[in-house]
Amino acid sequence: MVVKIVEAYEKVEEVKILFKEYVEWLNIDLSFQNFSEEFDSLPGKYSLEKDGRLYIAYSDDSLAGCVGLRKIDIKINNNNNNNNNNSNSNNNNNNNNNNNNNNNNQVDEASIIKKGQEQKQEQEQRICEMKRLFVKSEFRGLKIGKLLVERLISDAKEQNYDYMVLDTLKTLTTAISIYKSFGFVEFYPYYYNPNADAVTFLKLKLK
């Protein structure tokens, strides 16, 4: 059995077959994601022209799975840990004598510069989203999903994206395990999802 991952921009009808099965399998109303519009406009945001990617997988000559990547306009703030560290430093400094005031001023200036650099980096962030990862039931267990994720991450790095994000149902423990094996970590909901309590949001730092 040979697994092939191929570009799907010219294979829209096959992508639609897989997307339909994907929605039926999820058994969730995806209207909040404007799925009908996405479906009708394929490849749409997954096109090369829009910095996207779209792949289908074959097992021998049988259609087995798919995945897409699209550019997304969000900002990822990584300052939480820095703020906690700064708070601890400030508490320690308050216990020191007045001779440390100059040092504190220098720390404050360095913090301002660092914060400015971080804000600039956030403004320049290129972030992509993995969507529609799906493997037909009869082909699960063949590591096709892992191959699709691996291909997409490689492409995202080549496209100079800073982060990749995704969301998945908490019940899809196998998928979550695959994502985390590539270094994805959980973080806050990055868009409105009415099923947020049942969803895990993940991000991957690409560089």
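We're numbering straight along the sequence, starting at 1. These values consider heavy atoms only, across backbone and side chains, with no hydrogens, waters or symmetry-generated copies.
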**Q** What I'd like to find out is whether the side chain of Asn160 reaches to under 4.5 Å of the side chain of Lys207, using heavy atoms alone.
**A**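 Yes. Closest side-chain heavy atoms under 4.5 Å.
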**Q** Given the rule that I, L, V, M, F, W and Y join up when any side-chain heavy atoms are under 4.5 Å apart, are Tyr188 and Tyr192 in one cluster?
**A**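 No: no chain of side-chain contacts under 4.5 Å links Tyr188 to Tyr192.
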**Q** With a cut-off of 6.0 Å (strictly less than), are more than 12 heavy atoms of other residues, nucleotides or ligands near NZ of Lys170?
**A**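 Counting other residues, nucleotides and ligands, NZ of Lys170 exceeds 12 neighbours.
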**Q** Would Lys16 and Phe39 count as a cation-pi pair here, with the cationic atom under 6.0 angstrom from the ring centre and within 45° of the axis?
**A** yes
**Q** Once you round to the nearest 0.5 Å, how far does NZ of Lys146 lie from CG of Leu133?
**A**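 Answer rounded to 0.5 Å: 13.0 Å.
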**Q** Thinking salt bridges, do Glu37 and Lys45 make one under a 4.0 Å N-O criterion?
**A** no
**Q** Would Phe201 and Tyr190 count as a close aromatic pair, with their ring centres under 6.0 Å?
**A** yes
**Q** Heavy atoms only: give me the nearest Ser59-Leu142 pair and the separation to one decimal.
**A**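 Minimum heavy-atom separation between Ser59 and Leu142: OG-CD1, 4.3 Å.
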**Q** Quick check: do Lys203 and Ile127 have side-chain heavy atoms less than 4.5 Å from each other?
**A**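 With C-beta onward as the side chain, the pair stays apart.
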**Q** Between Lys50 and Gly44, what is the shortest heavy-atom contact and its length?
**A** CD-O, 3.7 Å
**Q** Please tell me whether Val2 and Val6 are part of a single hydrophobic cluster in this structure, the criterion being side-chain heavy atoms less than 4.5 Å apart.
**A**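 No: no chain of side-chain contacts under 4.5 Å links Val2 to Val6.
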**Q** For the pair Lys205 and Asp162, find out whether any cationic side-chain nitrogen is under 4.0 Å from an anionic carboxylate oxygen.
**A**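 No, no charged N to carboxylate O under 4.0 Å.
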**Q** Could you tell me whether Arg132 and Glu38 have a side-chain N and a carboxylate O separated by less than 4.0 Å?
**A**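 Result for this pair is yes, salt bridge flagged.
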**Q** Parallel, tilted or perpendicular: which one describes the rings of Tyr46 and Phe19, with boundaries at 30° and 60°?
**A**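 Perpendicular: the ring planes of Tyr46 and Phe19 meet at over 60°.
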**Q** Could you go step by step and tell me if Leu69 and Glu129 meet the side-chain contact (heavy atoms from CB on, under 4.5 Å) rule?
**A** CA-CA 6 Å; Leu69 176 147; Glu129 182 181 30; over 6 Å; no
**Q** According to the interplanar angle, ranging from 0 to 90°, do the rings of Tyr191 and Phe32 count as parallel (below 30°), tilted (30 to 60°) or perpendicular (above 60°)?
**A** parallel
**Q** Is there side-chain contact between Tyr9 and Leu42, with heavy atoms separated by less than 4.5 Å?
**A**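 No, too far: nothing below the 4.5 Å cut-off.
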**Q** Are Leu148 and Leu206 linked, directly or through other ILVMFWY residues, by side chains that come within less than 4.5 angstrom of each other?
**A** yes
**Q** Should Arg126 and Asp51 be marked as a salt bridge (charged side-chain N to carboxylate O under 4.0 Å, His left out) after you check the CA-CA gap, both sets of side-chain angles, and the distance that decides it?
**A** CA-CA 10 Å; Arg126 279 176 53 82; Asp51 289 339; 3.5 Å; yes
**Q** Is Ile178 reachable from Leu169 through a run of hydrophobic residues whose side-chain heavy atoms are each under 4.5 Å from the next?
**A**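 Hydrophobic grouping puts Leu169 apart from Ile178.
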**Q** Quick one: NZ on Lys157 to CG on Leu204, what's the gap to the nearest 0.5 Å?
**A** 7.0 Å
**Q** With a 4.5 Å heavy-atom cut-off, do Gln33 and Asp167 have their side chains touching?
**A**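 A side-chain contact exists here, since the closest heavy-atom pair is under 4.5 Å.
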**Q** Start with the C-alpha distance between Tyr58 and Glu14, add both sets of side-chain angles, then the distance that settles side-chain contact (heavy atoms from CB on, under 4.5 Å), and finish with yes or no.
**A** CA-CA 11 Å; Tyr58 293 94; Glu14 290 177 286; 2.9 Å; yes
**Q** Go through it in stages, so that I can follow the logic: the residues are Asp61 and Lys4, the test is side-chain contact (heavy atoms from CB on, under 4.5 Å), and I'd like the CA-CA distance, side-chain angles, deciding distance and then a yes or no.
**A** CA-CA 9 Å; Asp61 294 324; Lys4 296 180 294 184; 4.1 Å; yes
**Q** Less than 4.5 Å apart, any side-chain heavy atom of Pro189 and any of Val199?
**A** no
**Q** Examine Val149 and Val165 and state if one hydrophobic cluster contains both, with Ile, Leu, Val, Met, Phe, Trp and Tyr joined whenever side-chain heavy atoms are less than 4.5 Å apart.
**A** no
**Q** Does the side chain of Asp60 come under 3.5 Å of the side chain of Ser62 through a donor N or O and an acceptor N or O?
**A** no
**Q** Any side-chain heavy atom of Ile176 within less than 4.5 Å of one from Lys180?
**A**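 Side chain of Ile176 against side chain of Lys180, heavy atoms only: contact under 4.5 Å found.
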**Q** Determine whether Leu18 and Leu63 make a side-chain contact, defined as any pair of heavy atoms from C-beta on separated by less than 4.5 Å.
**A** yes
**Q** First locate atom SG of Cys128, then atom CG of Leu152, and finally report the distance between them rounded to the nearest 0.5 Å.
**A** 7.0 Å
**Q** Measure the NZ-OH distance between Lys11 and Tyr55 for me, rounded to the nearest 0.5 Å.
**A**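 Separation between the atoms: 13.5 Å.
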**Q** Using the side chain to side chain donor-acceptor pair (under 3.5 Å) rule, take Gln125 and Tyr161 through it: C-alpha gap first, then chi angles, then the decisive distance, then the call.
**A** CA-CA 8 Å; Gln125 284 177 349; Tyr161 279 111; over 6 Å; no
**Q** Begin from the C-alpha positions of Leu54 and Val15 and carry the test side-chain contact (heavy atoms from CB on, under 4.5 Å) through to its verdict.
**A** CA-CA 9 Å; Leu54 188 61; Val15 174; 4.0 Å; yes
**Q** Nearest 0.5 Å, what's the CD1-CE distance between Ile153 and Met130?
**A**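 Rounded to the nearest 0.5 Å, the CD1-CE separation comes out at 5.5 Å.
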**Q** What is the distance from atom CG of Leu172 to atom OH of Tyr179, rounded to the nearest 0.5 Å?
**A** 8.0 Å
